[in-house]
Amino acid sequence: MITRRMLLKSTPALLLPPLCGALPGCGSGDGGCTPAAPVAGTQTPRGLHVSWTGDPRTTRTVSWFTDGNSDPGSVVEYGPVEDGMSACEIGSAPLPARVEGTSAATYGVEARTHRATMSGLDPAKAIRYRVGSAAGGWSDVRVLPPAPVEKFRFAHFGDHAMSDASRAVLRGMQKAAPDFVLIAGDLSYANGEQAVWDQYFDMLDPLASRIPLMTCPGNHEAKDGGGEGYRSRVAQPGKGTYYSFDCGKVHFCFSTGGSLLDGLDGAGELLAELAWLDADLADAARRRAAGEIDFIIFVQHYTIWTSCEGRDPANYTLVLLEEGMLLRHGVDILAVGHDHIYERSYPMGRAKRQDDGYVQVTQGGGGQSLYELIADRDEWSAVALLRHGFTVYSVDGDTITVKTYAVENEALEGLPEGTELPVIDEFTVTARKAEVRARFAAARPKAMADASFDHDAMIRHTIERNRRHDLAEAGLR
Ligand SMILES: [Fe+2]
Ligand SMILES: [Fe+2]
């Protein structure tokens with residue numbers, strides 16, 4: 001059986017010519033195969049990244065870029081990694097399936113974004129694939145892990161950028177080899193310079209072409225054409241900015257947190273999103289009570305509560321509305337960024353510890369410069385640290401074990417191969433008991449029907465919050 005760790009350990013070598021000599025058994029004992037190298041062309045694929053836009057068990061969507069305005073074609077060739085295949089064969093055996101995707105202009109640069117979805121995949125098998133076209137050229141063969149099922153791991157960070165720490169986080173990912181990665185907004189910090197996105201996806205490519213990447217927009221994504229820079233480059237489910245999916249027995253729900261709202265014209269879309277989130281979480285709570293899933297995880301850029309200096313919830317009305325949903329439907333974990341700190345709460349609600357509340361994990365230490373903590377934290381805050389790093393969640397039956405790793409020393413010094421990153425926080429979240437699940441399942445969506453709530457004020461406050469972020473951050477955060 002080929003494991004995920006084996007694949008991630010072996011596949012970087014597939015990038016390095018001459019390929020054969022670098023791979024175990026290659027050229028001797030396995031038929032002397034010759035791995036397929038990238039095929040350079042007039043528009044060679046770059047910036048590969050993989051996500052789910054369909055069923056995580058049986059599909060993977062690949063996105064990539066080509067330079068120039070003409071469309072050379074958007075083809076993915078793929079097939080399973082069969083038991084017993086040598087690394088050389090993985091990189092060279094014929095790819096039996098082929099799908100033609102689509103392309104569209106990439107926002108703000110002379111390039112095209114290509115997207116194609118592999119389907120009918122065997123959940124138990126790793127996937128090998130390449131992208132490109134006869135006219136433009138081909139990538140080399142990359143390998144994706146099998147589908148995450150009952151027992152899996154995912155990593156979370158936000159506020160990534162392209163610093164030494166950002167790169168150390170990616171190296172940490174490579175080593176941790178999770179089944180997929182969540183980036184909770186503020187990805188590239190292009191801040192209006194669209195070419196920065198190209199550099200960012202070049203940086204991500206070695207990881208994101210081998211581990212699915214699920215994202216939500218943050219306030220910095222709004223700086224690129226109101227989110228068009230982001231939308232035109234990533235492929236996420238639904239409208240691409242808010243969506244949900246199940247992985248094993250965990251339901252993931254992603255929100256924009258209102259990050260892309262820049263005027264009253266967008267009010268309808270945010271209101272529609274909030275209504276959808278409420279309904280989606282209510283349905284997830286129902287399915288959890290029925291035993292179909294065990295956990296609900298909510299992901300967005302913004303914190304609900306924070307111990308970051310000067311960053312108290314900037315929009316109390318949206319926080320009130322959102323937190324009402326999290327508490328009404330019994331969200332288990334809230335994974336966020338935005339504040340460039342690491343903070344983890346106890347189970348909480350309305351800024352107090354609450355047994356049946358949610359655990360907020362603020363992992364804003366993905367690489368951008370760190371902020372400051374307030375001196376006296378409230379009782380809900382279990383841990384708050386100024387550290388760069390990432391958080392890994394291991395899902396196993398009724399328990400999620402969570403570990404947060406710090407990367408500063410690695411970023412500054414480059415630690416020797418095999419050095420373990422320090423764990424700066426560790427905790428577990430246990431699945432709710434049947435009676436608690438039943439209570440949450442009884443709650444119906446009401447966020448948009450609550451006549452006592454001033455939705456117009458919430459929209460105005462969100463526009464104002466986003467405007468103030470723009471002014472205060474001045475392109476730096
Ligand atoms: Fe940020
Ligand atoms: Fe942010």
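Every number for a ligand or one of its atoms is a count from 1 in the order of the listing.
- A search for salt bridge (Lys or Arg N to Asp or Glu O under 4.0 Å) contacts involving R439 returns D356, not counting sequence neighbours.
- Taking the Fe ion (ligand 1) as reference, the nearest N/O/S atom within D186 carries the name OD2.
- Of the charged side-chain nitrogens involved, at least one lies within less than 4.0 Å of a carboxylate oxygen, so that R286 and D283 count as a salt-bridged pair.
- Paired with D339 under the rule side-chain contact (heavy atoms from CB on, under 4.5 Å), one option of E372, R311, Q363, E309 passes, and it is R311.
- Here Y189 meets the criterion, with an N, O or S atom under 2.8 Å of the Fe ion (ligand 1).
- A salt bridge links D294 to R437: one of the charged nitrogens lies within less than 4.0 Å of a carboxylate oxygen.
- The Fe ion (ligand 2) has N219 among its coordinating residues (N/O/S atom, backbone or side chain, under 2.8 Å).
- The atom of D159 nearest to the Fe ion (ligand 1) is OD1, with the search restricted to N, O or S atoms.
- Within H338, the N, O or S atom lying nearest to the Fe ion (ligand 2) carries the name ND1.
- Not a single N/O/S atom of D339, whether from backbone or side chain, sits less than 2.8 Å from the Fe ion (ligand 2).
- A cation-pi geometry, defined here as NZ or CZ lying under 6.0 Å from the six-membered ring centre and within 45° of its normal, does not hold between R60 and Y129.
- Side chains of R231 and Y107 form no contact here, defined as non-hydrogen atoms less than 4.5 Å apart.
- Sorting the N, O or S atoms of H301 by how far they are from the Fe ion (ligand 2) puts NE2 first.
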